[in-house]
Amino acid sequence: MLRLSTLFVRTLREDPADAEVAGHRLLVRGGYIRRAAPGGFTWLPLGWMVYRNVERIVREEMDREGFQEVHFPALLPREPYEISGRWTDYGDNLFRLQDRRGADMLLAPTHEEMFTLLVKDLYSSYKDLPLVIYQIQNKFRDEARPRAGLLRGREFSMKDSYSFDIDDAGLQVNYDKHRAAYMRTFDRLGMPYVIVSAMSGAMGGSASEEFLAPLAVGEDTYVRCTRCDYAANTEAVQVAPPVSPAMADAPPAKVVDTPDTPTIQTLVDLMNGRPDLRHPDRDWTAADTLKNLVVTLRHPDGTTSALAIGVPGDREVDIKRLEAQVSPAEIEPFTEADFAANPHLVKGYIGPESLGEASPSGIRFVVDPRIVDGTRWITGANSAGRHVVDLTAGRDFTADGVIEAAEVHHGDPCPVCGSPLEIARGIEIGHIFQLGRRYAEALGLTVLDQNGKTRVVTMGSYGIGVSRAVGAIAELNCDDKGLVWPREVAPADVHIVATGKATDPQLPAAEALAARCEEAGLRVLLDDRVGVSPGIKFNDAELLGVPTIVVVGRGLADGMVELKDRRSGDKHDVALADVVAQLRDLL
RNA sequence: CGGGGUGUGGCGCAGCGGUAGCGCACCUGCUUUGGGAGCAGGGGGUCGGGAGUUCAAAUCUCCCCACCCCGACCA
């Protein structure tokens, strides 16, 4: 039994100055956690109970699938990470240190290498597979900016598992098992979630999905369909290409003088205001224009190349989406010097006819999926102050490829069903990812198959942020009075408040009730503090957020106590004799 | 790494050249007990650090450091 009279906790009346988001504030005010380092938190007894409940649920759902838990050191030597390339790839986010002999060490940011090497150590036959092993451990990342309490720390707890299979079919099976296990886990944690595709098909990547908790304070932007179940990370949104208009209907392209039209809007206004340029049956809009942006790509080997991106003029190029498409190359602005070096490009009037690998400029030209053959565009004519009208894709120009880099707008059609998409914010709480053979290849994890031939193992990696989940649960389950824990993660099932003086009958009655509750299998938090006013006790009960509150107060004279649901605020009087039975029904 | 902000008792804050304060929390006593009680008494702070200016620095100047927020970055 937890007794508030002796529990190591101090609730705060006022908000801590350094906590911004509601969940974080309440976790600190309720005495669940304390900040101990930038991005590092101490778990106080109540917080540690909640943490362990979350961990237990995650573990139970892993074990249910037959996955096996292992435990690694957090302090690791450089070599494995050197071999996989991540000693350098991880950059500044890796915590590096040296031992007394000057040997490079690191604090593990994640353990792919160690899992892979461990399996390589022990297994060498296809008969040993499939295998799934997992860990629940603290990870260390030197985040540039920790924020929002538990939502982004520099030391944090994560469950991650790895699957090892001989072939893609086996990988798919383990991927699906994790997907199902994660859905069960988040349901039990009382967390709403959205599963979004995390990697664009244009990358040709393997399957990867993120579990996002819908939180306004989250760091990820995603879209979801207002009608069907389509959802995707913004980076991964696929635009449904329109049906190609008939090419034969397209009038010939015509170059026109368009002075003083530095922006899309001024161009559209001029077109609509000039009788000779007006559209026969409607106004031109920005969506009729084709905007061409040139950037420089810096490739990992240090070389650079230019890339031109064509998007409809009513939307900008989304740099994050573009980066996701061109990764691992990095994007740099196209400078004046670059323009000077490319005389075929007229700044502000770049047109498709000067772009493309086969064009005089030789610059690779990729376009938004909306730019299908037969679509007609107003776009730059590669000549200052001039644009071209009715330039028709597939007839007047052909792009080198398609790219998903245009901004996604609220209300864009869903690629699956065509209904409007909505844009929302969330935070990643789980990620399932078909890694494939990258680590197995780099670290030499192979087994012999049935024919005695060497086969590279294929892997999957699956993570749940455990400490982050605690932060997200708090954020998702709170009101202006305090936290409201889902029952399975709550530090107790029932919070019993005894009012009255030390000599009043309420305290012994509450003690007796608490004992009976425990016998009935309920986890009890008893507020047995004496000399504390009822107001403080009620407020603390609401702040701490145990799902059910029982007040042993002035009704006791009539044999009654008050039973209150923390979430709804509903309360009613119950005969003392019936309380335990009613509480058990809540479980 | 850019921009902004803050460092004064456990927490939240005021003070901005002249004896370090307020509220909450804490300790003692008495009263009080259904929504963060009252009275009386009390303990606790090298004012983030260093250097300077000054008769005198929490306060002014310079240099550091730490933390928070926004952005960049980020499984």
Side-chain angles (χ1 to χ4, degrees), chain A residues 9-21 24-25 28-29 31 34-40 86 89-94 108-112 139-149 151-154 156-162 198-199 208-212 217-221 233 235 319-320 323-324 327 330-331 427-433 435 460-466 468 481-482 497-507 527 529-543 549 551-557 560-562 564 569 571 573:
Chain A
V9 67
R10 181 103 313 152
T11 57
L12 306 179
R13 181 192 297 226
E14 292 175 279
D15 283 331
D18 60 353
E20 200 66 19
V21 304
H24 182 204
R25 276 204 308 267
V28 174
R29 276 193 57 206
R34 301 289 301 174
R35 197 194 74 88
R86 293 209 296 181
D89 286 359
Y90 232 97
D92 289 338
N93 267 17
L94 192 63
T110 174
H111 279 88
E112 276 88 353
K139 310 281 171 152
F140 300 84
R141 294 188 196 170
D142 192 356
E143 296 284 352
R145 186 154 100 79
R147 74 179 90 192
L151 294 184
R152 175 167 296 279
R154 299 207 296 175
F156 57 98
S157 165
M158 177 163 120
K159 187 288 301 180
D160 59 336
S161 31
Y162 295 87
M199 189 173 278
S208 169
E209 288 171 297
E210 287 175 5
F211 288 69
L212 298 183
V217 298
E219 311 171 324
D220 298 320
T221 306
N233 219 321
E235 284 83 352
I319 297 299
K320 283 194 156 185
E323 281 174 340
S327 171
E330 288 175 12
I331 297 164
I427 188 153
E428 184 182 351
I429 48 172
H431 193 173
I432 53 179
F433 182 26
L435 269 185
S461 118
Y462 318 89
I464 290 181
V466 179
R468 172 180 285 184
K481 295 196 175 82
V497 173
T499 67
K501 291 182 282 219
T503 51
D504 286 342
Q506 276 84 1
L507 186 56
D527 192 344
R529 293 174 293 179
V530 295
V532 175
S533 77
I536 291 176
K537 291 188 173 184
F538 296 149
N539 282 320
D540 276 350
E542 277 153 348
L543 173 60
I549 299 165
V551 180
V552 181
R554 58 189 173 194
L556 182 66
M560 304 293 278
V561 298
E562 182 180 284
K564 181 173 175 183
K571 52 187 175 186
D573 289 335

Visitor: Which is it for A/Phe433 and A/Glu210 under the side chain to side chain contact (heavy atoms under 4.5 Å, CB included) test, yes or no, and what are the steps along the way?
Guide: CA-CA 8 Å; A/Phe433 182 26; A/Glu210 287 175 5; over 6 Å; no
Visitor: Which atoms form the tightest heavy-atom contact between A/Ala541 and A/Val497, and what is the distance?
Guide: CB-CG2, 4.3 Å
Visitor: Can you find a heavy atom in the side chain of A/Asp15 that is under 4.5 Å from one in the side chain of A/Arg29?
Guide: yes
Visitor: Given the C1' atoms of B/G5 and B/C24, what is the spacing between them in whole Å?
Guide: 25 Å
Visitor: Please report the distance, rounded to the nearest Å, between CZ in A/Arg10 and P in B/C24.
Guide: 16 Å
Visitor: Apply the test side chain to side chain contact (heavy atoms under 4.5 Å, CB included) to residues A/Lys501 and A/Gln506: give CA-CA distance (whole Å), side-chain angles for both, the deciding distance (0.1 Å), then the verdict.
Guide: CA-CA 8 Å; A/Lys501 291 182 282 219; A/Gln506 276 84 1; over 6 Å; no
Visitor: Given A/Glu562, which of A/Leu556, A/Ile549, A/Val551, A/Val552 fulfils the side chain to side chain contact (heavy atoms under 4.5 Å, CB included) condition?
Guide: A/Val551
Visitor: Kindly give the heavy-atom pair with the smallest separation between A/Gly153 and A/Glu143, and that separation in Å.
Guide: O-CG, 3.5 Å
Visitor: With A/Glu542, which of A/Lys481, A/Lys564, A/Lys537 fulfils side-chain hydrogen bond (donor to acceptor under 3.5 Å, both in side chains)?
Guide: A/Lys564
Visitor: To the nearest 0.5 angstrom, please state how far the CD atom of A/Glu209 sits from the CG atom of A/Asn233.
Guide: 11.5 Å
Visitor: Which nucleotides of nucleotides 68-75 of chain B have their base under 4.0 Å from a protein heavy atom (B), which only their sugar-phosphate (S), and which neither (-), written as one string 5' to 3'?
Guide: SSBBBBBB
Visitor: Spell out protein contact along nucleotides 30-39 of chain B as letters: B when the base is contacted, S when just the sugar-phosphate is, - when no protein heavy atom is under 4.0 Å; keep the 5' to 3' order.
Guide: ---BBBBS--
Visitor: Determine the interatomic distance between C1' on B/G3 and the same-named atom on B/G17; round to the nearest Å.
Guide: 32 Å
Visitor: Is any side-chain heavy atom of A/Val28 closer than 4.5 Å to one of A/Arg34?
Guide: yes
Visitor: With pairs defined as Watson-Crick or G-U wobble and both distances under 3.5 angstrom, please note down RNA chain B as a dot-bracket string, | for pairing with another strand.
Guide: ((((((((.[[[[.)..(..]]]].((((((.....)))))).....[[[[[..)....]]]]])))))))....
Visitor: Quantified in whole Å, what is the P atom distance between nucleotide B/C47 and nucleotide B/A20?
Guide: 11 Å
Visitor: Minimum heavy-atom separation for A/Leu12 and A/Leu543, please, with both atom names.
Guide: O-CD2, 4.4 Å
